[in-house]
Asker: 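Please see the structure below; I have some questions.
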Amino acid sequence: MTDPKTLAARFPGDFLFGVATASFQIEGASKADGRKPSIWDAFSNMPGRVFGRHNGDVACDHYNRLEDDLDLIASLGVQAYRFSIAWPRIIPDGTGPVNEAGLDFYDRLVDGLKARNIKAFATLYHWDLPLTLAGDGGWTARSTAFAFQRYARTVIARLGDRLDAVATFNEPWCSVWLSHLYGIHAPGEKNMEAALHAMHVTNLAHGLGVAAVREERANLPVGIVINPMHVYAGSDSEADKAAAERAFDFHNGVFFGPIFKGAYPDSVLEALGSRMPEVEAGDMAVISQKLDWWGVNYYTPMRVSDDATEGAEFPATKPAPFVNEAKTDIGWEIFPQALGDLIRTVNERYDLPDCYITENGACYNMGVENGEVNDQLRLDYIAEHLAVTADLIAEGYPMKGYFAWSLMDNFEWAEGYRMRFGIVHVDYETQVRTIKKSGLWYRDLARAFPKGNHAAG
């Protein structure tokens with residue numbers, strides 16, 4: 001399974017192999033060239049929010065090392081690079097003046113990819129909301145959806161002629177539930193009403209963003225990147241199976257439902273509808289515009305049991321034990337078959353377009369020894385999930401590409417720099433990059449495919 005040529009032979013010739021990053025996690029230069037703070041700059045500087053009070057001020061210094069990093073990507077032989085654009089670089093206050101210096105940086109990035117014959121997959125929002133918008137309520141305020149629409153139009157007007165695909169949002173589950181209900185990510189809210197408002201405003205912003213992209217460049221494939229949970233019931237009991245259904249609706253259905261069916265799940269509306277913001281006339285038509293593609297970010301399954309505690313809030317579930325005791329260094333269960341189960345399940349429930357695995361990878365924290373990083377465990381993880389992807393293609397599912405997360409070690413949000421997902425090691429003191437064993441293997445896999453014949457959508 002781990003021989004790259006043998007595995008590569010299982011994929012069609014137009015399958016896309018790429019690597020992925022996100023702006024706040026790698027760029028640094030947080031105060032350079034007109035950029036203003038995001039909610040993650042503020043969150044990182046609050047005691048007790050991020051491990052070690054680590055922040056994104058320097059990160060991987062990608063902003064200042066752009067050409068070298070583009071050469072690094074090219075050296076891996078991949079056909080595509082998925083990156084995100086920092087809203088605070090483009091429109092620093094979220095609304096108001098456009099910052100030309102910020103657009104210039106992404107001009108250089110996209111032009112650099114084109115010069116190296118690497119396809120450009122851009123994500124408009126990967127969590128770094130301009131801090132100024134937090135003063136108006138951030139994602140809980142309907143006005144933010146319209147600010148996002150203008151931001152999307154601004155970016156596509158400038159870069160859209162050279163992009164190969166664009167996503168509106170990355171992992172709305174994180175920027176909604178993890179950020180507004182569980183308090184783990186910025187802005188750190190722990191409030192169901194706030195989370196439900198953020199949920200609908202985010203969905204609306206997605207739809208407005210899709211419209212903005214198509215108004216500027218009708219032929220640019222547009223989609224969204226979701227991190228759906230494949231939910232396994234903790235037992236065969238009716239209570240646990242019902243809990244798994246509730247969990248699916250809450251964690252997945254509140255995004256898939258509006259986007260692909262034009263409606264929120266009935267179970268969510270029945271339990272929480274009175275606490276949601278008003279869904280105005282026309283909202284669902286905007287949200288459910290047909291997409292050209294969607295991205296799935298998958299790392300680990302969700303296992304739940306019924307929580308019979310009196311007063312337990314919907315979806316009234318609690319974690320169930322892992323089936324596979326093997327875990328990555330961040331504590332996530334390794335269970336590759338869940339990726340296949342997930343894709344089969346969501347395709348059964350929704351009418352979905354072509355799919356890219358836009359993130360998949362593993363956290364292992366081994367360092368450099370004698371100039372090398374022996375991360376065989378990460379290599380095995382990626383190979384096993386690619387094998388599942390090949391199985392899905394053989395079954396007829398429209399899996400069009402795979403982006404390894406991540407190109408390089410980076411700022412891992414609330415975990416700071418202590419958790420490493422990269423196929424390239426970063427020494428944060430010197431900024432020296434060292435391609436890990438997994439990266440060399442992935443390079444050999446990617447080089448088995450010709451460039452230039454890949455398209456999104």
Side-chain angles (χ1 to χ4, degrees), residues 7-8 10-22 73 76-85 113 118-126 163-174 206 209-210 213 219-230 252 255-256 259-260 290-299 336 338-347 350-361 382-383 385-407 421 423 442 445-446 449 451-457:
L7 184 56
R10 299 190 59 197
F11 290 89
D14 62 349
F15 192 81
L16 200 71
F17 287 99
V19 290
T21 66
I73 296 168
L76 294 172
V78 296
Q79 295 91 13
Y81 176 49
R82 176 178 174 249
F83 61 96
S84 76
I85 294 168
L113 293 173
I118 298 169
K119 293 193 175 293
F121 277 57
T123 301
L124 293 172
Y125 187 75
H126 199 131
L163 296 177
D164 295 279
V166 63
T168 53
F169 281 79
N170 177 79
E171 297 186 355
W173 181 90
C174 292
H206 157 75
V210 170
V213 170
N219 63 344
L220 176 59
V222 59
I224 188 171
V225 171
I226 306 176
N227 60 321
M229 311 295 172
H230 188 71
N252 301 331
F255 306 111
F256 280 89
I259 293 170
F260 297 110
K290 189 173 179 62
L291 299 180
D292 300 301
W293 63 279
W294 76 286
V296 56
N297 291 357
Y298 170 79
Y299 295 94
L339 172 59
D341 291 341
L342 170 63
I343 294 299
R344 296 180 191 101
T345 298
V346 294
N347 276 277
Y350 306 99
D351 182 14
L352 301 176
D354 289 350
C355 180
Y356 292 83
I357 296 176
T358 36
E359 287 184 26
N360 178 243
I382 293 173
H385 286 79
L386 277 169
V388 171
T389 306
D391 291 341
L392 290 166
I393 293 170
E395 293 172 29
Y397 291 96
M399 311 302 294
K400 299 300 183 181
Y402 177 96
F403 291 79
W405 183 270
S406 173
L407 167 64
F421 279 83
I423 61 172
Y442 195 66
L445 180 77
F449 286 77
K451 292 186 180 182
N453 63 340
H454 306 275

Asker: Quick check for you: to the nearest 0.5 Å, what is the distance between I226 atom CD1 and T358 atom OG1?
Answerer: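 Here the interatomic distance stands at 9.5 Å.
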Asker: What residues, two or more places apart in sequence or in another chain, satisfy side-chain contact (heavy atoms from CB on, under 4.5 Å) together with N227?
Answerer: E171, W173, C174, M229, N297
Asker: Report the residues that fulfil side chain to side chain donor-acceptor pair (under 3.5 Å) with R10, sequence neighbours left out, ordered by chain and then residue number.
Answerer: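 Expected list: D391.
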Asker: Using atom types as modelled and distance alone, determine if a side-chain donor or acceptor of D164 lies under 3.5 Å from a backbone N or O of F121.
Answerer: no
Asker: Between L407 and F83, is any pair of side-chain heavy atoms under 4.5 Å apart?
Answerer: no
Asker: Which distance, rounded to the nearest 0.5 Å, do you find between the CG of N360 and the CG of L339?
Answerer: 6.5 Å
Asker: Using side chain to side chain donor-acceptor pair (under 3.5 Å) as the criterion, list what pairs up with W294, not counting sequence neighbours.
Answerer: none
Asker: Got a sec, which residues hit ring-ring contact (aromatic ring centres under 6.0 Å, His included) with F169, two or more places apart in sequence or on another chain?
Answerer: Y125, W139, F148
Asker: Sequence neighbours left out, what passes side-chain contact (heavy atoms from CB on, under 4.5 Å) with S406? Give chain and number order.
Answerer: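 Expected list: T21, N410.
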Asker: How many angstroms lie between atom CD1 of I118 and atom CD1 of I73, to the nearest 0.5 angstrom?
Answerer: 6.0 Å
Asker: For D351, does the CG atom sit with more than 12 other heavy atoms under 6.0 Å from it, leaving out its own atoms?
Answerer: no
Asker: Mind checking what makes side chain to side chain donor-acceptor pair (under 3.5 Å) contact with Y298, not counting sequence neighbours?
Answerer: none
Asker: The criterion is side chain to side chain donor-acceptor pair (under 3.5 Å); which residues satisfy it with H126, sequence neighbours excluded?
Answerer: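 Only N170 meet the side chain to side chain donor-acceptor pair (under 3.5 Å) criterion with H126.
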Asker: Would you indicate whether the side-chain heavy atoms of I382 and Y402 approach each other to under 4.5 Å?
Answerer: yes
Asker: Is Q79 reaching over with its side chain to a backbone N or O of K119, donor-acceptor style, under 3.5 angstrom?
Answerer: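 Checked: no pair found.
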Asker: Just jot down the side-chain contact (heavy atoms from CB on, under 4.5 Å) partners of N347, sequence neighbours excluded, or say none.
Answerer: I343, L352, Y397
Asker: Show your reasoning for whether side chain to side chain contact (heavy atoms under 4.5 Å, CB included) applies to T389 and F15.
Answerer: CA-CA 11 Å; T389 306; F15 192 81; 4.1 Å; yes
Asker: Does A20 have any side-chain contact (heavy atoms from CB on, under 4.5 Å) partners at least two apart in sequence or in another chain, and if so, which?
Answerer: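 Counting only residues at least two positions away or on another chain, A20 forms a side-chain contact (heavy atoms from CB on, under 4.5 Å) with R82, F403, W405.
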Asker: Could you give the distance from CZ (F17) to CD1 (I357), rounded to the nearest 0.5 Å?
Answerer: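 F17 atom CZ to I357 atom CD1 measures 9.5 Å (nearest 0.5 Å).
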